[in-house]
Amino acid sequence: MENLEGLFKQAPELIAAYGIKILLAIVIFFVGKYLSNVAKKVTAKMLGKRKIDQTVVSFVANMAWAVVFVFTVIATLGQLGIQTASLVAVLGAAGLAVGLALQGSLSNFAAGVLMVLFRPCRVGDYVEAAGVAGTVDEITIFSTRLKTPDNKVIIVPNSTIMNGSITNYSAMDKRRIDLVIGVSYDADIRHTKQILTSILDNHEKVLKEPGYTVGLHTLADSSVNYVVRPWVKSADYWGVYFELMEQIKQSLDENGIGIPYPQMDLHVKELPSK
């Protein structure tokens, strides 16, 4: 009872002593969290003014946020009376175990650094990697954020991207459209090629250099297949693709050239008797 009474008597002093520490620790944490966000924005703004690649800007800004936030946590623990030096020593001693437990995260971090250094893709590029495709929206410390054409968001670990093949559709300023057009065997070859060539010559977005290809490709089972391969700017790829398909169909119809569909001719040599 005496100990309990003594504790009650000391309660105001304990609250005054530790309450202020806890309050200051909370203030330090939230102020530090706010400053980490400020550091991220300021870093991104400063690098953006120097016209540094957006991929590097995003990665460095996230690193700045992480560094400030780590110092905030250490300062908060120090305010609560926890010996941060001892804490760092313990963390250092447990570094191997933590490294083994978080090897996936560490590999993602290392892959993120490699992506920034070698730049297989940049923010704004349309890529296909790790079995998914989309426009690179952001490269963070551990993952890459992709946005699909139908406005879905895909988060892919950096190590998964770097450990596989990456197809970057935006890396070059020109792309070739590969079309295969099948027409009837009755169609004249020269006339058909003239129609296809005329369409490419008259399309304003088809590049004159390095030129295009129109040629007879295969004699298929039901059709004669031609390849139509114009070069366009990468940004115009899908627009020109759809326009050419529509114009080719209309021109072939207007000139009486049919586009056959798969069919089979059945020849009956003898009918069974009744």
_Donor-acceptor pair, side chain of Ser223 and main chain of Asn225, under 3.5 angstrom_ = no
*asked:* Using modelled atom types and a 3.5 Å cut-off, is there a donor and acceptor pairing between side-chain atoms of Asn163 and backbone atoms of Ser159?
replied: yes
*asked:* If I compare all heavy atoms of Ile259 with all of Gly182, which pair ends up nearest, and what's the gap?
replied: CG2-O, 3.2 Å
*Shortest non-hydrogen contact from Tyr212 to Pro230?*
CB-CA, 3.7 Å
_For Lys193, is there any backbone N or O sitting under 3.5 Å from a side-chain donor or acceptor partner on Thr197?_
yes
*Expected output: side-chain Asp178 to main-chain Val228 donor-acceptor under 3.5 Å*: no
*asked:* Membership question, hydrophobic clusters at under 4.5 Å side-chain separation (ILVMFWY): are Val232 and Met172 in the same one?
replied: no
_Minimum heavy-atom distance between Gly32 and Thr72, given as atom pair plus value_ = CA-OG1, 3.2 Å
*Nearest atoms (heavy-atom pairs only) where Thr43 meets Ala64*: OG1-CB, 3.6 Å
*Do Leu179 and Leu207 share a hydrophobic cluster, counting only Ile, Leu, Val, Met, Phe, Trp and Tyr and linking them when any side-chain heavy atoms are less than 4.5 Å apart?*
no
*Evaluate whether atom CG of Asp201 has more than 12 neighbouring non-hydrogen atoms of other residues, nucleotides or ligands under 6.0 angstrom away.*
yes
*Assess whether atom OH of Tyr185 is packed by more than 12 heavy atoms of other residues, nucleotides or ligands within 6.0 Å.*
yes
*With side chains defined as the heavy atoms from C-beta onward, is the minimum distance between Asp137 and Val123 less than 4.5 Å?*
no
_Closest contact, heavy atoms only, Ala133 versus Ile154_ = O-CD1, 4.4 Å
*Is the backbone of Val156 close enough, under 3.5 Å, to the side chain of Thr160 for a donor and an acceptor to pair up by distance?*
no
*Would you say the side-chain atoms of Asn168 pair up with the backbone N or O of Pro120, donor to acceptor, closer than 3.5 Å?*
yes
*Please round to the nearest 0.5 Å and tell me the distance separating atom CG of Asn158 and atom CG of Asn108.*
6.0 Å
*Using the side chain to side chain contact (heavy atoms under 4.5 Å, CB included) rule, take Lys40 and Asn62 through it: C-alpha gap first, then chi angles, then the decisive distance, then the call.*
CA-CA 6 Å; Lys40 180 179 179 179; Asn62 280 284; 3.5 Å; yes
*Is there side-chain contact between Met115 and Arg119, with heavy atoms separated by less than 4.5 Å?*
no
*asked:* Same cluster or not: Ile257 versus Val224, using hydrophobic residues (I, L, V, M, F, W, Y) connected whenever any side-chain heavy atoms lie under 4.5 Å apart?
replied: yes
*For residues Ser143 and Ile155, report the shortest heavy-atom separation together with the two atoms involved.*
OG-CG2, 3.5 Å
*Could you name each residue pair satisfying side chain to side chain donor-acceptor pair (under 3.5 Å) that touches residues 228-243, not counting sequence neighbours?*
His203-Glu243
*Asp150: salt bridge (charged side-chain N to carboxylate O under 4.0 Å, His left out) partners, not counting sequence neighbours*: Lys152
*Would you indicate whether the side-chain heavy atoms of Thr135 and Leu146 approach each other to under 4.5 Å?*
no
*Taking the side chain from Asn202 and the backbone from Ile199, do they hold a donor-acceptor pair closer than 3.5 Å?*
no
*asked:* Nearest 0.5 angstrom please: Asp188 CG to Gln194 CD, how far?
replied: 9.5 Å
*asked:* Distance check, rounded to the nearest 0.5 Å: Ile195 atom CD1 versus Tyr226 atom OH?
replied: 9.5 Å
*Could you check if a side-chain atom of Arg145 sits within less than 4.5 angstrom of a side-chain atom of Val153, using non-hydrogen atoms only?*
yes
_I'd like to know if Tyr169 and Val240 are part of one continuous hydrophobic network [Ile/Leu/Val/Met/Phe/Trp/Tyr, side-chain heavy atoms within less than 4.5 Å]._
no
*Within 6.0 angstrom of Gln250 CD, more than 12 heavy atoms from elsewhere*: yes
*Hey, what do you get for OG (Ser184) to CG (Leu252), rounding to the nearest 0.5 Å?*
11.0 Å
_Rounded to the nearest 0.5 Å, what separates atom OH in Tyr126 from atom OG1 in Thr148?_
8.0 Å
_From CA spacing to verdict: side chain to side chain contact (heavy atoms under 4.5 Å, CB included), Asn255, His191_ = CA-CA 9 Å; Asn255 287 273; His191 188 205; 3.5 Å; yes
_Using the rule that Ile, Leu, Val, Met, Phe, Trp and Tyr join whenever any side-chain heavy atoms are under 4.5 Å apart, tell me whether Phe242 and Val180 fall into a single cluster._
no
_Side chain Asp125, main chain Val127, donor-acceptor under 3.5 Å_ = no
*Atom NZ in Lys205, atom CD1 in Ile177: separation rounded to 0.5 Å?*
10.5 Å
